[in-house]
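Values below: every heavy atom of this structure, side chains too, minus hydrogens, waters and symmetry copies. In what follows, chains carry the letters A, B, and so on, assigned in the order in which the sequence lines appear, proteins first and then strands, with residues in each chain numbered from 1.
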Amino acid sequence: MTNPYLDARFQPLSGTFIMYYLRTPRDNLDAIRGQLARRGGDVPWDRLRTLIEQRRTLTGQAEQLRHELKQGSDGVAKLKREKQSADACMAAMKVIGEQIKMIEGELRNVEEALTDLNLRIPNLPHSSVPIGKDAGDNQEARRWGSPPLLTTPAKSHWELGEDLGILDFDRAAKISGARFAVLTGAGARLERALINYMLDLHTTQHGYREVLPPFLVNRTSMTATGQLPKFEEDLFRLSDEDYFLIPTAEVPVTNLHRDEILSESALPIRYAAYTPCFRREAGSYGKDTRGLIRLHQFNKVELVAFAKPDQSYEELERLTGHAEAILQGLGLHYQVVTLCTGDMGFSAAKTYDIEVWLPSQSQYREISSCSNFEGFQARRAGIRYKDAAGKKGQKTEFVHTLNGSGLAVGRTLVAILENYQQPDGSVTIPEVLRHYMGGMERIKKE
RNA sequence: GGAGAGGUGGCCGAGUGGCCGAAGGCAGCAGUUUGCUAAACUGCCGUAGGGGGAAACUUCUACCGAGGGUUCAAAUCCCUCCCUCUCCGCCA
């Protein structure tokens with residue numbers, strides 16, 4: 001049995017990951033089982049338990065034998081130095097060596113099975129997360145602003161955009177296919193203005209360091225943040241190389257510190273990154289087929305944070321607030337909801353979604369998702385921290401990782417078109433964006 | 001794509017089969033000393049897992065890019081892969 005996630009073509013996941021992950025379930029398998037039951041899902045607990053037992057037994061045997069081998073080999077060296085015959089000892093050690101190989105073979109099989117299984121177990125929800133089975137059980141946390149007062153029936157963003165000549169879906173379909181869009185003229189510039197506005201606000205007002213990462217990443221990175229092994233069908237992958245197009249900047253940016261030990265004084269570390277995002281959208285046939293809401297490629301400014309465990313929930317509130325600040329600056333009405341256990345993503349311990357008001361649909365649509373992953377990604381990625389001074393007794397611990405969209409740029413553009421539409425079909429540009437638009441105040445038909 | 005050189009602890013850098021978890025140096029930490037931030041000296045100073053101990057600590061195992069192999073014994077020998085650097089080609 002081969003495990004592609006430990007494939008030697010790429011850096012395998014660190015030993016740290018494997019050991020920790022195997023250990024936790026053993027210590028409190030039942031507690032974890034209980035917590036996990038709240039999010040539904042299926043974990044083969046008996047098989048897990050058996051594998052853990054097997055691993056423990058085999059590891060003990062292997063260590064004992066290796067110890068004997070080491071002693072014996074040292075004995076051989078000593079005998080040879082004293083010009084005595086070591087043949088008997090060498091023969092005995094050869095037997096032990098063979099036993100070790102056998103046991104290590106079994107151990108490898110058990111560890112691969114265990115690793116693969118562990119990688120497919122979702123994160124435990126935080127105690128403050130409401131229990132529920134789907135989006136209907138999410139809880140509204142707060143609302144900001146109010147819907148715009150439109151004097152005419154609200155047009156959809158694709159009608160507005162196509163009428164204004166700034167959105168072109170037909171040509172996008174010709175060049176690429178369904179679920180792609182072309183922005184032109186003031187539309188392209190508005191998208192770029194939004195990216196700049198968001199990055200500028202986060203880097204100058206909110207304390208984030210800007211990052212421009214690769215958009216293609218390897219399998220190990222995808223596994224570390226939790227997209228793999230379970231969700232490969234959601235990703236675009238190159239056929240000739242084992243590279244994946246990132247579905248979010250969370251992947252490259254979180255992996256920035258993979259297999260590193262950060263100094264405690266450096267925390268929290270905050271990054272803001274603009275990247276395009278690529279998603280297969282498998283299984284979403286028929287949903288949001290028109291417009292910019294659900295595309296195979298879209299732009300996003302992502303916020304990523306690494307925090308000490310005792311500060312990560314404070315950080316989640318702060319990060320969510322930073323995403324909200326963008327919407328407030330743009331004057332867009334939104335609500336924040338706390339996702340219930342059944343609606344949360346695989347890797348998250350707690351998630352807030354920010355949903356912006358879309359007049360044409362008379363509903364709130366997700367524009368940001370802010371999550372605390374606690375140690376889930378950090379364990380998979382081997383991201384730890386330690387006191388800078390390296391004082392005695394200072395334990396290296398896993399950091400908590402967080403991230404959130406700040407914001408999804410395409411959907412923000414949608415919200416602006418729809419919320420700022422005028423009776424004549426033009427669109428007013430929010431104040432804060434005007435200097436990024438060369439002073440333009442309104443998008444009119446060209 | 002072609003040719004070559006390399007990957008050792010936070011960093012630099014020794015180490016071509018056993019006495020090597022790894023010399024030495026730098027940085028860091030603790031302390032001593034000199035009437036000041038500078039210097040000298042001494043000690044400590046990787047990660048993970050298991051056992052023992054209240055703890056300081058101790059003991060076992062693994063790790064010298066990754067994986068496999070040879071051997072009683074591998075940082076050291078062999079194979080595969082990944083990565084980095086230099087030169088040529090190509091290209092933004």
- Query: Using 4.0 Å as the upper bound for N to carboxylate O, is an ion pair formed by A:Arg66 and A:Glu104?
  - Reply: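 Yes, this pair counts.
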- Query: Between A:Arg171 and A:Asp168, is there a side-chain N and carboxylate O pair less than 4.0 Å apart?
  - Reply: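 Counted as a salt bridge, because a side-chain N and a carboxylate O are separated by less than 4.0 Å.
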Taking the [atom1] atom of each, how far is [N] from [M], in whole Å?
N: B:C77; M: B:C90; atom1: C1'; answer: 38 Å
N: B:G67; M: B:C12; atom1: P; answer: 22 Å
N: B:C63; M: B:A22; atom1: P; answer: 14 Å
N: B:C83; M: B:A30; atom1: P; answer: 42 Å
N: B:G28; M: B:U34; atom1: C1'; answer: 23 Å
N: B:A62; M: B:A56; atom1: P; answer: 25 Å
N: B:G69; M: B:G6; atom1: C1'; answer: 23 Å
N: B:C60; M: B:U37; atom1: C1'; answer: 47 Å

- Any luck finding a side-chain donor-acceptor pair between A:Tyr436 and A:Asp200 under 3.5 Å?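 Their side chains do contain a donor-acceptor pair, which is all the 3.5 Å distance test asks for.
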- Do A:Thr248 and A:Lys300 have side-chain N/O donor and acceptor atoms under 3.5 Å apart?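 There is such a pair (donor and acceptor under 3.5 Å, judged by atom type) between the side chains of A:Thr248 and A:Lys300.
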Does [X] put a side-chain nitrogen or oxygen below 4.0 Å from OP1 or OP2 of [N]?
X: A:Lys70; N: B:A74; value: no
X: A:Arg108; N: B:G68; value: yes
X: A:Lys80; N: B:A73; value: no
X: A:His67; N: B:U61; value: yes
X: A:Arg66; N: B:A73; value: no

Watson-Crick or G-U wobble mate for [N], both contacts under 3.5 Å:
N: B:A62; result: B:U47
N: B:G9; result: none
N: B:U37; result: none
N: B:G89; result: none
N: B:C77; result: B:G69

- Task: Check the distance between B:A73's C1' and A:Glu68's CD and give it to me in whole angstrom.
- Result: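 Nearest whole value for this atom pair: 15 Å.
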- Task: For A:Ile96, report the nucleic acid contact type (base, sugar-phosphate, nothing); a contact means any heavy atom under 4.0 Å.
- Result: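 No contact at all - A:Ile96 keeps every heavy atom at 4.0 Å or more from the nucleic acid.
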- Check every strand shown and say whether A:Met93 touches a base, only sugar-phosphate, or nothing at a heavy-atom separation below 4.0 Å.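 Sugar-phosphate, no base atom in range.
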- Task: By nearest nucleotide on RNA chain B, pick out whichever of A:Arg81 and A:Cys89 is the more 5' one.
- Result: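 Per heavy-atom nearest nucleotide, the more 5' residue is A:Arg81.
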- Return the 5'-most residue of the pair A:Gly97, A:Thr59 with respect to RNA chain B, ranking by each residue's nearest nucleotide.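 Whichever sits nearer the 5' end wins; that is A:Thr59.
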- Message: So does A:Phe236 get a backbone contact from the side chain of A:Arg280, meaning a donor-acceptor N/O pair under 3.5 Å?
- Response: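 Looks like no, no N/O pair under 3.5 Å.
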- Query: Between A:Tyr271 and A:His257, does the ring centroid distance fall short of 6.0 Å?
  - Reply: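 Ring centroids of A:Tyr271 and A:His257 are less than 6.0 Å from each other.
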